[in-house]
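Below, all heavy atoms of this structure are taken into account, side chains as well, without hydrogens, waters or symmetry copies. Just so you know, ligand 1 is whichever comes first in the structure, and atom 1 is the first atom listed for that ligand. Since we're looking at a predicted model, the values are computed, not measured.
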Amino acid sequence: MSAPTGRARRVLAATAAAVVGTLAVGMAVAAPSSAAAEPTLGQLAAAKGRYFGSATDNPTLTNSAYTAVLGSEFGQITVGNTQKWQYTEPRRGQFDYTQGDQIVAFAQAHNQIVRGHTLVWHNQLPDWVTSVPAGELLGVMRNHIANVAGHYKGTVVHWDVVNEAFEENGTRRQSVFQQKLGDSYIAEAFKAARAADPNAKLYYNDYNIEGIGAKSDAVYNMVRSFKQQGIPIDGVGLQAHLVLGQVPSSLRQNIQRFADLGVDVAITELDIRMRTPRDAAKDAQQAADYRTVVNACLAVTRCVGITVWDFSDGYSWIPSVFPGEGAALIYDENFGKKPSYWAVFEALGGTTTTTTTTTTTTGGNGAGCTATYRVVGQWNGGYQGEVTVRNTGATATTGWTVRWTLAQGQTVGSLWNGVVSTNGQEVTVRNANYNGTVAPNGTTTFGFTGSSTGTNPVPTATCTTS
Ligand code: 9MR
């Protein structure tokens, strides 16, 4: 049984050549692999004078499917855990940069800028710091900052100097630093960071300060007072751990008011969580939400960039902290691009070619799938295509097959994440041995390059499960 549902996707037109031209005067990001390849989020953001990045953590750097995306798609990396105090000074006066250095080295190898995270935070703080006598804590904090920011001098563009120092009602969080050093500890931390690395931009970073409210007002007042007193602060990080359908309506206005104080703003830890499992309606809402966030940043000149808090739903902190919630990112567990990815892509100025989706249900076990075919790049004589298979059934697939017809003399050449066979004009792609199992609502994506000498219309692709 086959139910074609042709769907035209609004199309992005920035050519890779134009993006590369802009990058020459912008920040360094990885060059595209071919002149006609689809631009990455990092490249699109760079063309707008921004970065688009992701947090990462050391254990995931051994997963080649993960690092293939991390190293190519993003212009910026945040060290998700291993520059925190717990890792960098686990015992008083003993510093360890092994794991932080590993992530910085990865970023440097892929021409990605690094946000340092974070120098002073009440969490992931070793116990010994909590027991330092009050009279010694300022010296301990200054020494920590001098060493860690000194070690990373020249390799991080931003530091989250102080993280999460306010309560929801705008009062100071009663951390050990607040209790033993009083209100002045934040200014002292910024002064120590400036001394250690005069070229890094110094940020205050927090959550639930994306919209205007008691907490963001408190941060606003602190930044204003720092600017008046000459305390060195360069930026405010809005973490943006958001909830589906609840992007604060004052986001843009809030970014603007911080910018008007003379500091930069960054969206530092973006994710938008939902009750799991995903479905098409939630995905569409999430895409709209991501689009709103990107547009709010682009609307304010001093909003310098956006970082997602890791990029794949398989590597997100959300499910472990919010049971029953997740699917908060822009790639699914199998590194397939979600509607939220394409919303970011389009908001950053990318254009997509027309796609066609055809649904076929077979297999007798209730499984079904759709194939969404996309031409992601075209050049003289060739093209790159991508097909996303989505399981629309109630049970996991054990295998899938996508078929289409090349009506205009095109060929399919190299293909990845699938096994291709051709019979005249008919192309058949079956799953590879590692991606036949797709969970209900899950997706997997394969790609290919081919030749095309004339027109290259988007074919109707059918998907069947087994
Ligand atoms: O992603 C981090 C997770 O792996 C850690 O277990 C957690 C510990 O608190 O910290 C997570 O990152 C946090 C970030 O450093 C600050 N803002 C909130 C982030 C999510 O908890």
Review point. Do other residues, nucleotides or ligands put more than 12 heavy atoms under 6.0 Å from K84 NZ?
Key: yes

Check your understanding: Mind checking whether E269 has an N or O less than 3.5 Å away from an N or O of ligand 1?
Key -> yes

Revision key, fill the gap. Quick note on ligand 1: atoms under 4.0 Å from a heavy atom of W121 include exactly 9 (O), 15 (O), 16 (C)

Point to revise | Enumerated ligand 1 atoms positioned under 4.0 Å from heavy atoms of E164 | key: 16 (C), 17 (N), 18 (C)

Practice item. Could you tell me whether K215 sits above the aromatic face of Y207, with NZ or CZ closer than 6.0 angstrom to the six-membered ring centre and within 45 degrees of the axis? Key: yes

Exercise for review: With heavy atoms under 4.0 Å as the rule, classify the contact between N81 and ligand 1 as side chain, backbone, both or neither.
Suggested key: side chain

Practice item. Using the side chain to side chain donor-acceptor pair (under 3.5 Å) rule, pick out the option among N334, N435, T388, T372 that qualifies with T445. Key: T388

Point to revise | Protein contact to atom 9 (O) of ligand 1 [nearest heavy atom, distance to 0.1 Å] | key: N123 ND2, 3.4 Å

Exercise for review: Look at the side chain of Q286 and the backbone N and O of A284, then say whether any donor-acceptor pair between them is shorter than 3.5 Å.
Suggested key: no

Exercise for review: Look only at interatomic distance and state if N163 has a nitrogen or oxygen under 3.5 Å from any nitrogen or oxygen of ligand 1.
Suggested key: no

Practice item. Report yes or no: does a heavy atom of Y207 sit under 4.0 Å from some atom of ligand 1? Key: no

Review point. Around atom NZ of K227, are there more than 12 heavy atoms of other residues, nucleotides or ligands at under 6.0 Å?
Key: yes

